[in-house]
J.: 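I'd like to ask you about the structure that follows.
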Amino acid sequence: MTEHFVLPTPDDRVLPFQVEGLDVRGRVVRLGPAVDAVLARHDYPAPVSKLLGEAVALTVLLGTSLKIDGRFQLQTRSDGPVEMLVVDFEAPDRLRAYARYDAERIAAMKVAPPEQSGAMLGKGHLAMTVDPGAERTRYQGVVALEGHGLEEAAHQYFRQSEQIPTRVRLAVAEAIGGGSHAWRAGGILVQFLPEGGRRMADLPPGDAPVGLETPDRPEEDDAWVETRLLVDTVEDHELIDPTVTSEELLVRLFHERGVRVFQPQAVHESCRCSRPRILSMLKSFTPDERRDMTGDDGAITVTCEFCSTTYRVDPAEVERP
């Protein structure tokens with residue numbers, strides 16, 4: 001999908017909002033340079049870039065909703081042409097991501113959007129992990145991937161693990177104009193949280209239930225039905241077109257009910273790798289293992305999968321205390 005955009009507006013930010021008349025809260029994310037930096041480093045095929053861009057937008061929507069320090073990670077493992085997606089969000093604003101894929105299988109795909117994302121993922125699982133750090137207990141939820149895209153996987157996660165009515169829309173496209181091109185991504189997440197409802201950040205740590213049937217629930221609330229129908233009207237271009245602000249989108253959706261927006265939060269692409277971290281990692285291997293890693297030039301070469309930075313390390317440097 002290719003769009004032609006003009007007149008850029010603020011990107012790389014998340015806008016929280018609330019619609020009191022419908023008992024819903026949510027977030028809108030717009031990503032420009034941050035997601036473009038992630039995708040441009042690896043020269044992914046366009047379908048892979050689109051899928052990873054969706055994963056980045058979803059991770060930012062979820063990660064910025066957590067009122068804790070630490071990291072939020074989204075990871076998939078599946079039997080599709082895209083074998084793995086990994087997106088790290090480090091509070092309060094740093095993200096990084098990469099994908100592993102089979103180039104031949106991607107080139108041979110004949111599936112067109114919107115089924116393309118599901119076909120690339122295939123069957124497997126999606127894990128969402130909250131790591132608060134400081135030796136505190138991690139929280140993890142895992143859902144099955146069954147040939148559907150990330151939007152449906154997110155819906156399944158909240159039905160199964162959180163039991164919070166949730167609607168997600170994601171969009172990614174390559175913007176072309178002025179002789180250049182860049183990737184853009186956007187998304188909206190809305191949750192039905194009536195008074196006394198739970199939020200993801202309020203859940204106790206531990207493993208979320210996997211593969212359990214959702215308990216019987218009463219018929220959907222009219223307010224949530226209205227919200228879901230409104231969110232389903234959101235079109236891809238409204239999420240990624242820089243001429244349509246997040247505020248304008250929310251007014252379009254909820255003007256009859258009244259929408260309140262809060263302070264936006266900026267995010268940016270930033271890898272956690274560094275030479276000291278690489279040295280620390282190499283020290284965890286035995287001397288024999290490090291000798292096996294040493295190349296003909298006498299150095300150990302390590303390339304970060306996230307940012308593609310290559311570190312060349314003298315084995316003697318690793319031996320130093």
Side-chain angles (χ1 to χ4, degrees), residues 9-31 54 56-68 72 89 91-93 128 141 149-172 184-203 214 217-267:
T9 56
D11 283 326
D12 296 343
R13 70 169 191 162
V14 180
L15 182 68
F17 67 90
Q18 180 176 353
V19 184
E20 294 181 358
L22 294 173
D23 285 329
V24 298
R25 301 177 190 174
R27 291 173 174 258
V28 180
V29 61
R30 296 293 181 95
L31 299 173
E54 290 177 356
V56 170
L58 177 59
T59 300
V60 173
L61 284 170
L62 298 176
T64 54
S65 71
L66 300 174
K67 305 303 181 184
I68 60 171
F72 176 84
F89 180 84
D93 58 5
M128 299 184 190
L150 291 174
E151 285 183 10
E152 178 53 34
H155 296 155
Q156 177 64 15
Y157 171 80
F158 281 101
R159 284 195 299 266
Q160 172 180 293
S161 300
E162 310 277 341
Q163 299 175 27
I164 300 174
T166 302
R167 206 67 177 173
V168 176
R169 282 282 292 111
L170 305 169
V172 180
R184 297 181 58 80
I188 182 171
L189 179 147
V190 182
Q191 294 185 311
F192 183 55
L193 295 164
E195 188 173 352
R198 299 183 306 170
R199 297 190 65 186
M200 184 175 175
D202 298 327
L203 293 176
T214 301
R217 296 194 301 266
E219 187 175 341
E220 283 189 302
D221 188 283
D222 288 345
W224 175 243
V225 172
E226 180 180 339
T227 300
R228 180 167 49 78
L229 293 174
L230 288 171
V231 173
D232 286 348
T233 68
V234 176
E235 299 184 17
D236 285 1
H237 73 87
E238 293 180 289
L239 293 172
I240 53 181
D241 187 339
T243 67
V244 180
T245 67
S246 298
E247 291 85 350
E248 288 171 337
L249 172 61
L250 292 174
V251 169
R252 199 274 286 173
L253 289 174
F254 301 116
H255 66 279
E256 292 186 356
R257 292 289 191 168
V259 58
R260 179 184 179 190
V261 300
F262 301 94
Q263 183 68 30
Q265 177 177 335
V267 297

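The figures that follow rest on heavy atoms only: side chains count, while hydrogens, waters and symmetry mates do not.
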J.: Compute whether any side-chain donor of one residue and acceptor of the other, for Thr64 and Gln265, lie under 3.5 angstrom apart.
T.: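 The answer is no; no qualifying pair exists.
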J.: Drop me the distance from Glu151's CD to Leu170's CG, to the nearest 0.5 angstrom.
T.: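 Reported value, rounded in 0.5 Å steps: 4.5 Å.
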J.: Working note: Arg167 + Asp232, criterion side chain to side chain contact (heavy atoms under 4.5 Å, CB included); need CA distance, chi angles, decisive distance, verdict.
T.: CA-CA 8 Å; Arg167 206 67 177 173; Asp232 286 348; 3.0 Å; yes
J.: Could you give the distance from CD (Gln160) to NE2 (His155), rounded to the nearest 0.5 Å?
T.: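 Answer for the CD-NE2 pair, Gln160 versus His155, is 14.5 Å.
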J.: When Val24 is tested against each of Val190, Thr166, Leu193 for side chain to side chain contact (heavy atoms under 4.5 Å, CB included), which residue passes?
T.: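 Single side chain to side chain contact (heavy atoms under 4.5 Å, CB included) partner of Val24 among Val190, Thr166, Leu193: Val190.
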J.: Taking the side chain as everything from C-beta on, heavy atoms only, tell me whether Val60 gets closer than 4.5 Å to Leu62.
T.: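 In short, these two side chains do not touch, never coming nearer than 4.5 Å.
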J.: Nearest 0.5 Å please: distance from the CG atom of Leu15 over to the CZ atom of Phe262.
T.: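 Answer rounded to 0.5 Å: 9.5 Å.
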J.: Would you name the heavy atoms of Gln263 and Pro16 that are closest together and state the gap between them?
T.: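 Here Gln263 and Pro16 meet closest at O-CD, 3.5 Å.
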J.: Quick test of your reading of the model: are Arg260 and Glu247 salt-bridged, counting only N-O distances below 4.0 Å?
T.: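 Judged by the 4.0 Å cut-off on N to carboxylate O distance, Arg260 and Glu247 do not form a salt bridge.
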J.: To check you understand the geometry: which heavy-atom pair defines the closest contact between Ser246 and Val28, and what is its length?
T.: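 Heavy atoms of Ser246 and Val28 come nearest at OG-CG1, 3.5 Å.
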J.: Identify the heavy atoms of Val19 and Gly258 that sit nearest to each other, and give their distance.
T.: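 Heavy-atom minimum between the residues: CG1-O, 3.4 Å.
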J.: Can you tell whether the side chains of Arg257 and Glu20 come within less than 4.0 Å, N to carboxylate O?
T.: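 Result for this pair is no, no salt bridge flagged.
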J.: Do the side chains of Leu239 and Val234 get nearer than 4.5 Å, heavy atoms only?
T.: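 Sidechains of Leu239 and Val234: in contact.
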J.: Is Asp12 paired with Arg30 through a side-chain N to carboxylate O contact shorter than 4.0 Å?
T.: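 No salt bridge links Arg30 with Asp12.
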J.: Are the side chains of Val168 and Leu58 in touch, meaning some heavy atoms are under 4.5 Å apart?
T.: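 Yes, at least one pair of side-chain atoms sits under 4.5 Å.
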J.: Please tell me if the side chains of Met128 and Phe72 come closer than 4.5 Å, counting only heavy atoms from C-beta onward.
T.: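 Yes, close enough: below the 4.5 Å cut-off.
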J.: Could you measure the distance from the CD atom of Glu238 to the CG atom of Leu250? Nearest 0.5 Å is fine.
T.: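 Spacing of CD (Glu238) from CG (Leu250) equals 10.5 Å.
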J.: If every non-hydrogen atom of Glu248 is compared with every non-hydrogen atom of Thr243, which pair is closest and at what distance?
T.: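 Answer, listing the atom of Glu248 first, then Thr243: OE1-O, 3.6 Å.
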J.: Nearest 0.5 Å please: distance from the CD atom of Gln191 over to the CZ atom of Arg27.
T.: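 Those atoms lie 10.0 Å apart.
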J.: Would a 4.5 Å heavy-atom cut-off, applied to side chains only, mark Phe17 and Arg25 as touching?
T.: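 No, side chains not in contact.
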J.: Does the distance from a Lys or Arg side-chain N to an Asp or Glu carboxylate O, for Asp236 and Arg169, drop under 4.0 Å?
T.: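 The answer is yes: the pair qualifies as a salt bridge.
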J.: Indicate whether the side chain of Thr233 and that of Arg252 have a donor and an acceptor atom separated by less than 3.5 Å.
T.: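 Yes, because at least one side-chain N or O of Thr233 sits under 3.5 Å from a partner of the opposite role on Arg252.
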J.: Quick one: closest heavy-atom pair of Gly187 and Leu61, and the distance?
T.: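 Scanning both residues, the minimum pair turns out to be C-CD1, 4.0 Å.
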J.: What is the minimum heavy-atom distance between Ile240 and Arg184, and which atoms define it?
T.: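 Of all heavy-atom pairs spanning Ile240 and Arg184, the closest is O-NE, 2.5 Å.
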J.: Contact between Thr227 and Phe192 at the side-chain level, heavy atoms closer than 4.5 Å - yes or no?
T.: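 With C-beta onward as the side chain, the pair stays apart.
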J.: With rounding to the nearest 0.5 angstrom, report the CG to CZ distance, Leu189 to Phe158.
T.: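 The CG atom of Leu189 sits 5.5 Å away from the CZ atom of Phe158.
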J.: Looking at side-chain heavy atoms only, is the closest gap between Leu249 and Thr245 below 4.5 Å?
T.: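 No, every pair of side-chain atoms sits at 4.5 Å or beyond.
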J.: With side chains defined as the heavy atoms from C-beta onward, is the minimum distance between Leu31 and Val56 less than 4.5 Å?
T.: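 In contact.
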